[in-house]
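Read through the structure below, which is laid out as structure tokens, and then see the notes.
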Amino acid sequence: MLRFAQLCEAVAATTKKLEKRKLVADYFRQQPIQTASLAAIFLSGEVYPAFSERTLNVGGAIVWRAVQQLTGRSEEEMAAAYRRHGDLGAAARDLWPADFTGSVLTLPDLAKLFDDVASSRGPALKQQKVCDLLQQCSALEAKYAIKLLVGDIRIGMRESLVEEAIAAAYEQSEQSVRRANMLLGDIGETLRLAAEGRLGDARMRLFHPLGFMLAAEVKSSDEAVSYIPGPHVEDKYDGIRAQVHCGEGKVRIFSRTQDEIGESFPELIPVLESAPEALVLDGEILAWSSLGDGTASGAALPFSALQRRLGRKRVTEKMMRDVPVVYVAFDVLYAGGELIIDRSLAERSEILTRVLNAFTVHRSELPATARGAAGSFQPNLFADDSAEPDFPRVLRAPCSRAASAADLDALFLEARARGNEGLMMKNPASTYAPGRRGHAWLKMKRELATLDCVVTGVEFGNGKRAGVLSDYTFAVRGPGDRLMNVGKAYSGLTDAEILEMTEWFKSHTLTDFGHSRLVEPKIVLEVAFNNIMRSDRHESGFALRFPRIVRLRPDKPPEEADTVMRVEEIYLSQHRTE
DNA sequence: GTGCCTGCCCCAC
DNA sequence: ATCGGACTAATTCGG
DNA sequence: CCGAATTAGTCCGATGTGGGGCAGGCAC
């Protein structure tokens, strides 16, 4: 493990990708395959391969206490070390007892110890297992063991660069490595095949998730057309991206992190089970407010409704009634017994329409007790109690072709009128590139008004933002011009601006809590966001979804900041259309 | 023992 | 989700 | 036409809000 930690140090020391790739490739070649294979996973910043649903259930808090227990340091010493580095692993290295000399663990040993942590139940036991692990580490080894435990390795290398390093190490094409990893969902196994020159053996396995193709954002229809002249267009839904594998009477639904989420959406299962053949579909799970006419007509509910269905282990009938869900499919990756990601979107789109029409079950009946029951469900769900409460559960995402930017603008407005987020625009000639973000798929979302807010509190950042005040809590004016917080934001400023702000806040601090500070309410920020929600997180009673700083407003005095009233107006206006 | 709250983790966007 | 920063490959520019 | 300068394509790291599950503590 010492060699691995040294490698990580070297990789972290350079920002050059080619240099990182070479360092790692050389390391892979020097190590036994078993070790190189584990290193490939660890260098990606993961403890388990992507396809695995195993989690450690250990985070900063538990590791912090374990480090404290092992080193016997005070809270103050720990906090000081953490503040120096913004990283618990780096901090622990400073504090590590000299008699922990380590250097006996191999990577397979380390993997075994991670398993012990993963399989123990409860924070107390996990903390003990973390101690057992760290005890066997030298200071440098502990640094990287901790980084892996808390899930932030911060060496400027993730799975994508590890793929490149594997290709370089074993003289395989980058493309074949990426493809094998995509099919296997296991970078360690991919390395093994690459080393043995058997990348071509990797096969798509039904009921094992593939990566999701992602979209680049565009700001305007003109920009969209510059990438794709005649795009295939769909609404952009505010739901949960989901990959469905079905066939052989089985169904698995996978989330973007390749976890199985079918359990949370039992009403979709019988419909998907009726697929005419083995399929892999890509689509979105939506909370759906039906008109109650037995058809799919209706509208998507806001994401917050869907969120209540998410991650549930036990789904009650009431939940299914209160927040009905549908699966809207927009792509097909496997059909006719083969992977079809290399066919064009135009072709896949036709296949999708055909296979969805061949489903034999379209609606899953809710149990009779749920039907028409006088419950506390939201009044707009069904027209009346006698209405058929079920409707088609698996839909084909409506799509069209745009010929111009003007077409797109019209479609965008229609999508917004339907309560959807905006548009997805896809190149009809493009293949499906799992796990990649490119300009073959574009997304365009609504622009919402921005707010001018006053910074009231600041915090030190983590990692590379250690030592700078990079995290800002901001407020709007409430009754009597009293400032009321509405949110926090960290992104949008350049490093230079953050540095400048850090200096200013340091000399205009009202209260210093160490990690955070209350500051003089003088700095005005223009803040953008995608949504406003009611929330008790902040004093104003509202919170922002995806807040980001558009720019500093040195020209604007805090007395002219926006008000809670305006926040409420925006909140209400977005509700009228959703 | 039951019910409720809190801290923590994970994961959806 | 969001954003800025960094690297590299691809493309355009200047002489 | 060639090397330099600029742009485009991608990757990486830091971090926002909401909600469910689970362990553990506390009141009764």
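Note that these values count all heavy atoms, side chains included, but never hydrogens, waters or copies made by symmetry. Letters go in sequence order (proteins before strands), and every chain restarts at 1.
Using a 4.0 Å heavy-atom distance criterion, A:Tyr227 is classed as a sugar-phosphate-only contact. Contact annotation for A:Ser304: no contact, since no heavy-atom pair falls under 4.0 Å across all strands. Residue A:Arg65 is in sugar-phosphate contact alone, with no base atom involved, counting any heavy-atom pair closer than 4.0 Å across all strands shown. Here A:Ile153 lies out of heavy-atom contact (under 4.0 Å) with every strand. At the heavy-atom level, A:Leu544 lies under 4.0 Å from the strands shown only through sugar-phosphate atoms. Counting any heavy atom pair closer than 4.0 Å across all strands shown, A:Lys445 reaches sugar-phosphate atoms only and no base atom.
Between A:His439 and A:Tyr227, the ring planes are parallel. Angles under 30° get that label, and only those over 60° would be called perpendicular. In this structure, A:Phe505 and A:Tyr472 have tilted ring planes: the angle between them lies in the 30° to 60° band. The aromatic rings of A:Phe460 and A:His515 are tilted relative to each other, their planes meeting at an angle between 30° and 60°.
With C:dT2, D:dC11, B:dC13 as the candidates, the nucleotide lying closest to the side chain of A:Lys17 is D:dC11. Listed nucleotides C:dT2, C:dT8, B:dA12 differ in distance to A:Leu18; the shortest reach to its side chain belongs to C:dT8. Here the nucleotide nearest the side chain of A:Arg154, chosen from B:dC8, D:dT17, D:dG13, is D:dG13.
Taking atom CG of A:Leu214 as the reference point, atom P of D:dG9 lies 17 Å away to the nearest angstrom. In this structure, A:Asn485 places its CG atom 14 Å from P of D:dG16, rounding to the nearest Å. For A:Leu442 and D:dG9, the CG to P distance is 10 Å, given to the nearest whole Å. A straight line from CG of A:Asn57 to C1' of B:dC8 spans 9 Å, rounded to a whole angstrom. In this structure, A:Glu500 places its CD atom 16 Å from C1' of C:dG4, rounding to the nearest Å. With rounding to whole Å, A:Leu88 atom CG is found 11 Å from B:dC9 atom P. Between the P atom of D:dG13 and the NZ atom of A:Lys20 lies a distance of 7 Å, rounded to the nearest Å.
Residues A:Tyr237 and A:Phe330 keep their aromatic ring centres 6.0 Å or farther apart.
Here the rule is side chain to side chain contact (heavy atoms under 4.5 Å, CB included) with A:Ile166, and of A:Leu191, A:Asn181, A:Leu161 only A:Leu191 fits it.
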